[in-house]
Amino acid sequence: MTTARADAVHFPAGVDPGDVDLLEEVSLPAAWAKRWAVEPSKPTLWDASNGWATRGDLARRTKTAAGRLYGAGLRKGDRIILSAAASVDLVVAHVAALRLGLIVVPVNGAYRRGELAHIVGDAEPRAAVVDNHEWVRWLAELAPEMTVVSPQLDLEDAAAPSLDQLGSRDPALLGYTSGTTGVPKGAVLTHGNLLAGADSVRIAWRWEPEDRLVLALPLFHMHGLGVGLHGTLLTGASAILLDGFSPDAVLDAAAAHDATLFFGVPTMYNRLAQSDRVAELSRLRLCVAGSAPLSADLHRRLEEAAGVRVLERYGMTETIMLVSNPYDAEHRAGTVGFPLPGVEMRLAPDSGEVLVRGPNVFAGYWRRPEATEEAFDHEGWFRTGDLGELDEHGYLRLRGRAKELVISGGLNVYPREVEDALRTHPEVDDVAITGTPDEEWGELVTAWVVAVAGKSPTLDGLRSHLDGVCADFKHPRLLHLVEKLPRNALGKVQKHLLA
């Protein structure tokens with residue numbers, strides 16, 4: 001007797017999961033080039049500065065941009081930082097880098113000098129595409145030999161000898177993440193990982209060339225880049241790129257461009273639910289939420305106000321997307337659904353930790369063999385660090401994070417990093433960072449502080465101390481002064497007791 005695959009729920013009727021090869025097209029650049037050769041006049045990407053770029057525009061512009069990068073001395077395997085506002089120009093630079101075989105390093109533009117310095121020192125990039133003038137100065141100080149350009153790639157024209165000559169195992173992207181270590185490490189995603197990740201959601205969410213996505217997510221984040229952008233281009237669909245989020249901007253774009261899709265984080269959906277225009281979401285065929293849990297109450301409010309049943313999914317930097325509520329079945333609030341096409345998932349019997357395998361799972365950590373070895377078990381299952389359980393219908397429910405990551409507004413905050421910075425405050429003797437559940441932000445960064453004798457540090461004082469050290473989204477929003485932090489016999493802070 002053959003056991004049904006857990007991912008079978010995501011396939012359209014009549015499609016045999018065994019007949020689907022997520023790596024058939026080898027790489028996203030190769031697949032994109034094929035899409036662009038068909039109907040080159042079709043509008044594909046829109047931004048406020050450039051208007052619509054067609055498939056043909058992307059084919060020509062990315063070829064030119066790849067030549068410029070090649071002319072600047074960049075070669076296959078070189079790393080290139082990308083950090084700028086979402087725009088067609090940034091997409092062209094990103095795609096050109098991938099077509100040339102460079103390894104893209106997406107970085108949050110809110111990072112401060114110390115955070116940027118770590119990535120520069122670790123990834124050793126040879127170039128950076130940025131739109132932050134302060135960063136230009138910092139990069140000149142950190143790596144004087146680095147080529148630093150704007151998203152318009154103001155470099156001399158040259159011809160690259162070849163494009164899209166890529167294997168599925170070739171590294172494509174270096175996404176920095178850190179779990180509990182406090183020191184961000186680069187997850188190496190191959191061209192096959194990116195292709196499988198995008199193709200799995202194309203299948204599961206019935207993504208078609210006629211779809212149009214309102215994309216207000218930042219392109220340094222896997223949700224915006226690895227799902228929103230990559231999926232749009234792979235499907236041959238189109239997207240409206242917004243530089244930032246507001247309910248009015250999203251709803252205006254959806255109306256003006258006949259959009260069918262919106263992907264967001266709970267913070268965005270909470271603000272949309274508060275808008276007096278929330279009913280306009282009903283024009284969309286699919287709304288997807290991720291990066292943090294969407295509360296049952298927010299699910300209910302959106303369904304009542306707009307008739308929208310938001311589809312939740314689950315992924316991470318190391319794996320792109322892993323699990324999703326099914327398109328053609330119940331979107332169950334409080335769960336993230338079933339493994340996506342090609343993903344194998346099981347729960348560790350001793351802890352309930354979510355373990356996964358599949359063509360979307362990363363190759364390992366950049367120059368960190370010990371961390372890579374620790375991240376996988378002896379059978380090749382990746383340890384996500386998330387704790388889960390299956391409900392009576394097989395939907396996955398996440399119970400917490402073994403790695404103590406805090407996700408606020410859809411962005412990752414690594415407690416150790418903030419704790420180390422706050423320990424240098426003259427009024428702080430000891431500190432622990434946790435996340436407090438919040439309807440709008442998912443979690444609020446919360447500081448539990450043991451004060452130096454006779455001192456009373458304030459929340460504003462702690463935030464001011466972090467200015468220039470950590471990005472604003474990492475600053476604590478809540479402060480609790482405590483006499484001591486609960487620790488176990490080995491001295492480890494027992495954060496689950498902080499409540």
Side-chain angles (χ1 to χ4, degrees), residues 107-122 132 134-135 137-138 141-142 176-185 267 292 368 371 374 385 387 400-499:
V107 183
N108 187 338
Y111 279 3
R112 308 308 297 161
R113 192 182 191 282
E115 297 162 309
L116 181 60
H118 170 73
I119 290 175
V120 169
D122 191 66
N132 183 323
E134 194 170 35
W135 274 39
R137 175 167 55 83
W138 291 341
E141 296 166 354
L142 294 167
Y176 274 82
T177 183
S178 75
T180 58
T181 65
V183 181
K185 52 187 179 288
T267 303
R368 303 285 180 91
E374 183 181 350
L387 306 178
R401 288 182 294 279
K403 296 181 179 178
E404 301 176 345
L405 184 69
V406 176
I407 302 179
S408 183
L411 299 174
N412 292 352
V413 179
Y414 305 110
R416 175 71 179 277
E417 180 184 11
V418 184
E419 289 162 355
D420 288 348
L422 286 177
R423 285 194 180 97
T424 65
H425 190 291
E427 296 182 356
V428 173
D429 183 53
D430 203 0
V431 61
I433 293 293
T434 65
T436 298
D438 180 76
E439 177 73 13
E440 179 176 0
W441 292 95
E443 290 180 300
L444 296 177
V445 180
T446 302
W448 302 80
V449 171
V450 179
V452 170
K455 301 295 183 179
S456 296
T458 65
L459 181 61
D460 286 344
L462 297 183
R463 291 174 63 88
S464 295
H465 184 73
L466 294 176
D467 283 343
V469 179
C470 295
D472 288 351
F473 69 85
K474 301 178 184 179
H475 294 194
R477 292 173 176 266
L478 296 175
L479 168 63
H480 299 287
L481 296 178
V482 295
E483 292 185 3
K484 64 180 181 179
L485 298 177
R487 296 180 182 274
N488 63 17
L490 298 177
K492 180 177 174 60
V493 176
Q494 296 178 293
K495 293 188 177 181
H496 64 284
L497 299 178
L498 294 172

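Checked by atom type and distance alone, the side chain of Arg463 pairs as donor or acceptor with a backbone atom of Pro476 at under 3.5 Å. In this structure, the side chain of Ser464 does not engage the main chain of Gly461 through any donor-acceptor pair within 3.5 Å. Looking only at distances, a side-chain donor or acceptor of Thr267 sits under 3.5 Å from a matching main-chain atom of Glu440. Here the side chain of Arg113 pairs no donor or acceptor atom with the backbone of Gly468 at under 3.5 angstrom. Not a single donor-acceptor pair under 3.5 Å links the side chain of His425 to the backbone N or O of His465.
Using a 4.5 Å cut-off on side-chain heavy atoms (C-beta onward), Ile119 and Glu115 make no contact. By the 4.5 Å heavy-atom criterion applied to side chains, Asp472 and Asp467 are counted as neighbours. Looking only at side-chain heavy atoms (C-beta outward), Leu498 and Pro486 come within less than 4.5 Å of each other. Leu462 has its side chain out of reach of His475: every pair of non-hydrogen atoms, C-beta onward, lies at least 4.5 Å apart. Contact of the Ile433 side chain with the Leu422 side chain is registered, since non-hydrogen atoms from C-beta on lie closer than 4.5 Å. Side-chain contact between Val482 and Val450 is present, with at least one heavy-atom pair separated by less than 4.5 Å.
A pairwise comparison of heavy atoms in Pro415 and Val406 identifies CG-CG2, 4.1 Å as the closest pair.
Taking a cutoff of 4.0 Å between a charged side-chain nitrogen and a carboxylate oxygen, Asp420 and Arg416 qualify as a salt bridge. Residues Glu374 and Lys185 are not paired through a salt bridge, judged by the lack of any N-O separation under 4.0 Å between the basic side chain and the carboxylate. Between Arg477 and Glu443 there is no salt bridge, since no side-chain N of the basic residue sits under 4.0 Å from a carboxylate O of the acidic one.
Rounding to the nearest 0.5 angstrom, the gap separating the OG1 atom in Thr434 from the NZ atom in Lys495 is 7.0 Å. Between atom NZ of residue Lys474 and atom CG of residue Asn412 there is a gap of 9.5 Å, rounded to the nearest 0.5 Å.
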